[in-house]
Amino acid sequence: MRAAIRVAGFISLILSSGQSLAEYQLDMRPGVTSFSQGAYEIHTLVMWISVVIAIVVFGAMTYAIINHRKSKGHKPASFDDNLKLEILWTIVPFIILGFMAVPATKVLLDMEDVSNSDMSIKVTAYQWKWHYDYLGEDISFFSNITTPDSLSVDTSCNVEMDENYLLDVDNRVVVPVNKKIRLLFTSNDVIHAWWIPAFGVKKDAIPGFINESWFKTDKPGVYRGQCAELCGTNHGFMPIVVEVKSEEDYAAWVGIQKAAAAEAAASAGKTWTMDELMAHGEKVYATNCAACHQTSGEGIPNVFPGLKGTPIVTGDIAKHIEIVVKGVPGTAMQAFGGQLNDADIAALVTYERNAWENNTGDIVQPSDIKAAR
Amino acid sequence: MSAVIEEHHDDHHDHKPTGIGRWLFSTNHKDIGTMYLWFSFTMLFIGGALALVIRAELFQPGLQFVEPEFFNQMTTLHGLIMVFGVIMPAFVGLANWMVPMMIGAPDMALPRMNHWSFWLLPGAFGLLIESLIMSMMGMGSAPNFGWTFYAPLSTTYGPDSTDFFIFSVHMMGISSIMGAINIIATIMNMRAPGMTYMKMPIFVWTWFITAYLLIAVMPVLATAVTMMLTDRNFGTSFFDAAGGGDPVLFQHVFWFFGHPEVYIMILPAFGIISQVVPTFARKKIFGYSSMVYATSSIAFLSFIVWAHHMFTTGMPVATELFFMYATMLIAVPTGVKVFNWVSTMWKGSMTFETPMLFAIGFIFMFSIGGFTGLMLSIVPADFQYHDTYFVVAHFHYVLVTGALYAIYSAVYFWLPKWTGNMYDEKLGKVHFWVSTISVNVLFFPMHFVGLAGMPRRIPDYNMQFAEFNQMATIGAFVFGFSQLILLWNVVKTIRGRSTVKATDQVWEGAEGLEWTIPSPAPFHSFTTPPTVK
């Protein structure tokens, strides 16, 4: 019965997708930066040279297949080499390659010139989210996927998908238009790759290394991309969204960010109620922990431990806080001390100790975290 | 050739143990070749089943069948099994069967080593597949870091089964190195009188060069996994930045192995096509010596292009330019080979039996993979192609419609010689046409989703990629199941009840020593060496 429903779901999906067929993309898009356009042009050039060569070679082969066959009574010729011809088809490809190499070199040299930038953003990759740090601006934040329930298997085919399915985040990178933005890439754990197709920028974020690249565009808009290097279980679920705004809108955004940071600093000292902690903790958990430990707190057997009813979260509070703050070396459990503030961690620990019928009744305040650091 | 002088009883043509012992203890090149080929065929269906799990999950957006964690295990094991368990053993199997017959030798030079190098493989893949079975039973995770196993994902963050994987790769490496030593020793020492190097069949030449590549790079792979082993278990930090190590070093070591490995999987295919095309064109191979020089050039270039797999890791611009130019150069000798095959067909007298169909399919579709390879060598464009489905399309054109098609061509070409029976020509043609149509439905749309921006190795994707993924999945299932036609044809030919007996020469245009001995080939092909004029 379930199988029948599934098949019916597939069929209806195929039928409905017929309507959206017009949207599909066959070729690379030119993008909005000088080197995405450069990459597009060189891609188009090499592709068409290949098509022409293919037509000549496959054409000759097809002619022979049609005409030089035994069933048509064709007798085999006896030649088995031709020095002039062989020299010719060794030299000519060299010349054709030269025509490709010159423009390719030009575009590459432009791409690798990161000098004279207007601002710099440091991008740090984590399993499985991005952290952005506006150097010299005192703005930094994490950027997480927001597609609901994207990580669990659902055989009903009823997942709601909009056009930005898997490509939406909670905090976008906002940059001003017409400015040369320098990006510095590194990683906190494994190798990731930051890729926005419309910018033509794809660079690996490697632990222990700092890579750099840049982009500059005159077209405001929202640009989306994904991690492009296999980085573990949720590799497919760490999108990138960059919003290019006008100079004034960007300045306004910077103002809002700074006000929010000041507000967070002010609330760090206050004493929270259980309800406040639980409500905030659930949000922090969903953003930072649910990818591995799951929303249900049950984890993934033999891959990520569960938190429901386990001594890790029902036992010693100090030990629990230490794991969250310092991580567990040699495992996927990161040190969240540098990623979350005192209030976030306090709410998170309180939530984990009381959610999923753990019901320990423990309350942890931001001041406890401050003391434990 | 059938006149045999018997000095010792054991030298008798067809003396061989019977029953299971014949296979377990065999040091005969034909029996070992047969076992290699059956091993490869078995792995093809296992690796193919994993690919179908991947394609089923990617049939539509959303997660329907497997968790992302299991999906990663599927992509990893699919790659490892297809590369090390299918393509490489199939070529070694063909070399075992054909090299002694083509050079006029009775057997391989080192038969006991031959025995050992085969029997390491079931152990190696047993370990690898065992980790998958344990994963399915809920005990730990199988390797999940991609067949390229980049550190630190495979070291600090690797599952416990990574140590099984390391041991398994070591065994595969030892097996390959011994196989390569054996092939070189055989070719150097056991050629029939009069067969100079420049008279050897092209298949023997390409395998000779491939064997040197294997000896050069399999130890490099062993080095990479040994460094992983000590990083994981003995406190070293080769690839761990926190301990002063370098994660990019891993990629340099891996691809210094990995790029010649790509040619290890295609040079013997070039050799097969160079045997099949002249046979069915009834005309000598065009440009024999340029074929040999082109193969050698490709082998040389394969050592100086490895970093083209790593353009996004952030290399100095001069390094990027060097690897771009060196990679583009490979197009020249590869082009020479394709032009030579076309010239061999030109003004021939062609017939289109199944081996020829697969060879022509190879030339068309391998060339498509070659063109996308040229596109990938261009660094600025590679930034857009890298780690997308465009790359997946590229290497499947080269490895499936390239290497695998050449293996199919070889199997149909030599099966009558191996079994003494003709295969079913009609079934063979059906196999070719169903495979060729479905394989293009499977892989061609991957170019489009890659260019549109779909990264590889993701279990779920945005709606914009849905149509072409559906198409690819449909192609995958048809292609996968159509390989059963080959299995049926092979079984039918071996049983030989309803098939025509093969003549010694088998094909009208066949030339070479292997066609001078009876079909099926006797247990020891040439007990007295033939003379080559």
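Order of the sequence lines fixes the chain letters, A, B, ..., with proteins taken first and strands second; residue numbering starts at 1 for each chain. Treat the numbers as computed from the prediction; the structure is a model and nothing was measured. Side chains are part of it too, since the values below use all heavy atoms of this structure and drop only hydrogens, waters and symmetry mates.
Between atom OH of residue A/Tyr40 and atom CD of residue B/Gln384 there is a gap of 12.0 Å, rounded to the nearest 0.5 Å. Note that NE2 of A/His43 and CD1 of B/Ile378 are 12.0 Å apart. Values are rounded to the nearest 0.5 Å. Here the CG-CG distance, from B/Asp382 to A/Leu108, works out to 10.5 Å after rounding to the nearest 0.5 Å. With rounding to the nearest 0.5 Å, the separation of CD1 in A/Ile49 from CE in B/Met375 is 10.5 Å. How far CE of B/Met345 is from CE of A/Met61: 4.5 Å, rounded to the nearest 0.5 Å. For the atom pair A/His74 NE2 and B/Arg282 CZ, the distance stands at 13.0 Å (nearest 0.5 Å).
Only the backbone of B/Ala281 comes within contact range of chain A, with heavy atoms under 4.5 Å apart. The part of A/Ile206 that comes within reach of chain B is its side chain, from C-beta onward, which places non-hydrogen atoms under 4.5 angstrom from that chain. With a 4.5 angstrom heavy-atom cutoff, A/Ala101 touches chain B via backbone and side-chain atoms both. Only the side chain of A/Gln127 comes within less than 4.5 Å of a heavy atom in chain B; its backbone stays farther off. Using a 4.5 Å cut-off between heavy atoms, A/Asp110 makes no contact with chain B at all. Contacts of A/Phe209 with chain B are made by side-chain atoms alone, with heavy-atom separations under 4.5 Å and no backbone atom involved. Both the backbone and the side chain of B/Tyr385 come within contact range of chain A, judged by heavy atoms closer than 4.5 Å. Proximity to chain B is limited to the backbone of A/Lys75, based on heavy atoms less than 4.5 angstrom apart. The contact between B/Ala151 and chain A is made entirely by backbone atoms, counting heavy-atom distances below 4.5 Å. Looking at A/Asn164, only its backbone comes within 4.5 Å of chain B, counting heavy atoms on both sides. With a 4.5 Å cut-off on non-hydrogen atoms, B/Pro152 touches chain A through its backbone and its side chain both. Residue B/Met310 does not touch chain A at all, counting heavy-atom pairs closer than 4.5 Å.
Across A/Gln226 and B/Pro455, no two heavy atoms sit closer than the pair OE1-CD, 3.4 Å. Minimum heavy-atom separation, A/Asn188 to B/Tyr157: O-OH, 4.3 Å. Closest approach of B/Pro68 and A/Phe237 over heavy atoms only: CG-CE1, 3.8 Å. When all heavy atoms of B/Asn72 and A/Leu230 are compared, the closest pair comes out as OD1-CD1, 3.9 Å. Counting all heavy atoms, side chain and backbone alike, A/Glu86 lies closest to B/Gly287 at OE1-CA, 4.0 Å. The two atoms that bring A/Leu26 and B/Leu451 nearest to each other are O-CD1, 3.7 Å, heavy atoms only.
Atom CG of B/Asp160 has 12 or fewer neighbouring heavy atoms from other residues, nucleotides or ligands inside a 6.0 Å radius. Under a cut-off of 6.0 angstrom, the local environment of CE in B/Met137 is sparse, with at most 12 non-hydrogen atoms contributed by other residues, nucleotides or ligands. Under a cut-off of 6.0 angstrom, the local environment of CD in B/Glu511 is sparse, with at most 12 non-hydrogen atoms contributed by other residues, nucleotides or ligands. A 6.0 Å sphere centred on OH of B/Tyr325 holds more than 12 heavy atoms belonging to other residues, nucleotides or ligands.
Contact count against chain B (heavy-atom pairs under 4.5 Å) is highest for A/Asp80 among A/Asp81, A/Thr90, A/Asp80. Interface check for chain A: of the options B/Thr372, B/Asn144, B/Val449, B/Asn340, the most heavy-atom pairs under 4.5 Å are formed by B/Asn340. No other option in A/Ala39, A/Gly200, A/Ser50, A/Gly208 has as many heavy-atom pairs under 4.5 Å with chain B as A/Ser50. For the options A/Phe79, A/Phe94, A/Phe35, heavy-atom pairs under 4.5 Å to chain B are most numerous at A/Phe79. With chain B as partner, the option from A/Val46, A/Leu45, A/Ile91 having the largest number of non-hydrogen pairs under 4.5 angstrom is A/Val46. Comparing B/Tyr461, B/Phe145, B/Tyr288 by heavy-atom pairs within less than 4.5 Å of chain A, the highest count is held by B/Tyr461. In terms of heavy-atom pairs under 4.5 angstrom with chain A, the leader among B/Met454, B/Glu320, B/Gln73 is B/Glu320. The candidate from A/Thr105, A/Leu83, A/Val107 with the greatest count of non-hydrogen atom pairs under 4.5 Å with chain B is A/Thr105. Between chain A and the options B/Ala331, B/Ser343, B/Gly146, the largest number of non-hydrogen pairs under 4.5 Å is found for B/Ser343. Contacts with chain B were tallied for A/Pro93, A/Ser78, A/Ala104; A/Ala104 has the most, counting heavy-atom pairs under 4.5 Å. The greatest number of non-hydrogen atom pairs below 4.5 Å with chain A, out of B/Ala381, B/Ala242, B/Pro445, B/Gly509, is found for B/Ala381. Chain A forms the most heavy-atom pairs under 4.5 Å with one residue out of B/Trp346, B/Phe383, B/Phe448, and that residue is B/Trp346.
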What's the verdict on side chain to side chain contact (heavy atoms under 4.5 Å, CB included) for B/Leu374 and A/Met100, showing C-alpha distance, side-chain angles and the deciding distance? CA-CA 10 Å; B/Leu374 177 63; A/Met100 299 174 185; 3.7 Å; yes
Show your reasoning for whether side chain to side chain contact (heavy atoms under 4.5 Å, CB included) applies to B/Gln251 and A/Ile191. CA-CA 11 Å; B/Gln251 297 183 30; A/Ile191 300 175; 3.3 Å; yes
Start with the C-alpha distance between A/Trp195 and B/His386, add both sets of side-chain angles, then the distance that settles side chain to side chain contact (heavy atoms under 4.5 Å, CB included), and finish with yes or no. CA-CA 10 Å; A/Trp195 180 34; B/His386 182 78; over 6 Å; no
Starting from the C-alpha separation in whole Å, work towards a yes-or-no answer on side chain to side chain contact (heavy atoms under 4.5 Å, CB included) for B/Phe364 and A/Thr62. CA-CA 10 Å; B/Phe364 271 106; A/Thr62 309; 3.8 Å; yes
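In this structure the side chain of A/Glu112 never reaches within 4.5 angstrom of the side chain of B/Val379, judged on heavy atoms. Proximity of A/Asp204 to B/Val248: side-chain heavy atoms (C-beta onward) are nowhere separated by under 4.5 Å.
B/Phe339 pairs by the ring pair (Phe, Tyr, Trp, His ring centres under 6.0 Å) definition with A/Trp89, not counting sequence neighbours.
Between A/Phe58 and B/Phe371, the angle of the ring planes goes over 60°, which puts this pair in the perpendicular group of the 30/60° scheme.
Panel note: side chain B/Arg457, backbone A/Glu229; no donor-acceptor pair is recorded below 3.5 Å. The closest donor-acceptor contact from the side chain of A/Asn211 to the backbone of B/Thr313 lies under 3.5 Å. Looking at A/His235, its side chain never comes within 3.5 Å of a backbone N or O of B/Ile458 through a donor-acceptor pair.
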